[in-house]
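Some notes on the structure that comes next.
Just so we're on the same page: letters track the sequence lines, and every chain starts at 1.
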Amino acid sequence: MNTLKTSKDFSNVFDGGKKFITATSIFFYLKTSSGDGRLGISVSRRVGNAVQRNKIKRIVRNIFRFFSPKGFDVVVLCRRGEVFNMSTFARDFLKFWKKVY
RNA sequence: AAGGUUUUGAGGCUGGUUAAACUUCUUUUUAGAAGUUAGGAAAGUCCGAACUCCACAGAGCAUAGGGGCAGUUAACAACUGCUGGGAGAAAUCCUAAGGAAAGUGCCACAGAAAAUAGACUGCCUUUUCUUUUUUGUUAAGGUGAUGGUGAAAAGGUGGUGUAAGAGACCACCAUUGCCUCUUGUAAAAGAGGUAGAUAGGUAAACCCCCCUUGGAGCAAGACCAAAUAGAGGAAGGAUAGAGUUGCUCGCUCUCUUCCAGGGUAGGUUGCUCGAGCUUGUAAGUGAUUACAAGCCUAGAUAGAUGGCCAGCAUAACAGAAUUCGGCUUACAUCAAAACCUUUUUU
RNA sequence: GCGAGGAUGGUGGAAUCGGUAGACACGCAUGCUUGAGGGGCAUGUAGAAAUAAUUUCUGUGUGGGUUCAAGUCCCGCUCCUCGCA
């Protein structure tokens, strides 16, 4: 899976893309010209310690293995670590997936 | 049985399914199989090293750090054993623990005085004046016993002594220095003698003595590819800057010309076989060391080590980024060993 | 990876070489002034306990140490801010 790497890529999506806000996280998405999709994950230090942040990144990456974002650059920004687990994030992700595709 | 002290170990397990990274093998051109995949603190970055570069990492001073003795170690501010001091009823725990009889500084408030024991107050003798005497008062001298404040007041108690007194002298006690002997590798301990010696505290204030100390850090560094570059070569050498986190010396480079100009950024490597791990034997009180056998046990690069289901259990602190040795801090639950105190029973 | 600074009442911010901590300003409370508000003036203001005045104890992020005495000196920890590569 391709990922967003530089901070320029991230700021492009944050500034030019659209937002979809859910309870657990905020999805930023921007249509690409080439048709390939890339994923970026942003978890700030306020969410929790390194173990919790790693776990959130793994959950997000695990979901996007089955649903690869074709045609969009997507950035997932985690909001709160207490409510973030597999089931709640999957519910929010399905809402986002229905809206975009 | 209750309470306590010290030390050590574990830190989820099993099965199914679906994904990721690395290594090896197979076949073959995209797959398949097997194996491995985060800790005791990976953390904080508080010390110490390995490794790499800075001329060979150099010389002197400063700065910074350490400080009982002996040992362990690659090294250390770590560890082990012992000594002194402190806490505790004990097991045991804590201890930056050289020097204040080299020098300087500071010791608020209170107090006569805060460090050369002098002034003041007091006591005593002689003396001037007054007076029957006492008292009061002037001057000279002796004394360091009086002053009750403070964290701290210049050894303590008792006596001899004297005009008044004082280690001035004596007895006992306390402390210190020196000498001798015994024990110990040593720090030191014990015994005896001697000196009236009695010396305030603070060095985690400056300082003195002894010891150690060059700087930067894997974004170190090395290689490859692109570009009008860079590297390289020749000549010149006054000033300035950088390496160099203080100063001086020394060294190197940048510097100007032959010859011009613009600022991006990719891959490979370093990268995991190492002061390595496990077991056993031997030496040592111990830290640790020696020998033998066996083993290979994470290596990502915006960052792998995950998700779901079932069962047991309800469960902490917490996520590697060059690598090791320590220290410090966080930690649910379970387990083991040794020791101490009290009570009861035999 | 390397290394620099800081934390004091409700807020900003003082406190010399270790010697009575809460200076000063803002804010807040009460009273006076005014018909009322604003403004001005005066007093008080860290917390807790007992009280008639007043006294005692705890207090400089936190846990220890040195010292007669620590906001200050030393060590460990927590949090915040900043710099270099």
Which residues share a ring pair (Phe, Tyr, Trp, His ring centres under 6.0 Å) with A/Phe28, sequence neighbours left out: A/Phe14
Pairs touching residues 83-93 of chain A that satisfy salt bridge (Lys or Arg N to Asp or Glu O under 4.0 Å), sequence neighbours left out: A/Asp92-A/Lys95
Identify the pairs formed between an N or O of the protein and an N or O of nucleotides 19-21 of chain B at a distance under 3.5 Å, and give each distance.
unit_1, atom_1, unit_2, atom_2, d
B/A19, O2', A/Arg65, NE, 3.0

Partner nucleotide of B/A292 by Watson-Crick or wobble geometry (both distances under 3.5 Å): B/U279
Verdict with reasoning, A/Phe89 to A/Ile63, per side chain to side chain contact (heavy atoms under 4.5 Å, CB included): CA-CA 9 Å; A/Phe89 178 71; A/Ile63 289 271; 4.0 Å; yes
Could you check [N] for me: syn (within 90° of 0) or anti?
N	result
B/G16	anti
C/G9	syn
B/C218	anti

Close side-chain approach of A/Val76 and A/Phe27, heavy atoms under 4.5 Å: yes
Short side-chain N/O contact from A/Lys57 to OP1 or OP2 of B/A304, under 4.0 Å: no
On a whole-Å scale, what distance lies between the [atom1] atoms belonging to [N] and [M]?
N	M	atom1	result
B/U176	B/C61	P	40 Å
B/A238	B/A227	C1'	38 Å
B/U328	B/C178	C1'	48 Å
B/A49	B/U73	C1'	11 Å

Ring geometry between A/Phe64 and A/Phe93 (parallel below 30°, tilted from 30 to 60°, perpendicular above 60°): perpendicular
Paired stretches of RNA chain C - 3 or more consecutive Watson-Crick or G-U pairs, each distance under 3.5 Å: C:1-7 with C:78-84, C:10-12 with C:24-26, C:27-33 with C:39-45, C:46-50 with C:54-58, C:61-65 with C:73-77
Spacing of A/Ile41 atom CD1 relative to B/G306 atom C1', expressed in whole Å: 12 Å
Euclidean distance, A/Ile59 CD1 relative to A/Thr88 OG1, rounded to 0.5 Å: 8.0 Å
Donor-acceptor pair (no angle test) under 3.5 Å: A/Arg58 side chain, B/G319 base: yes
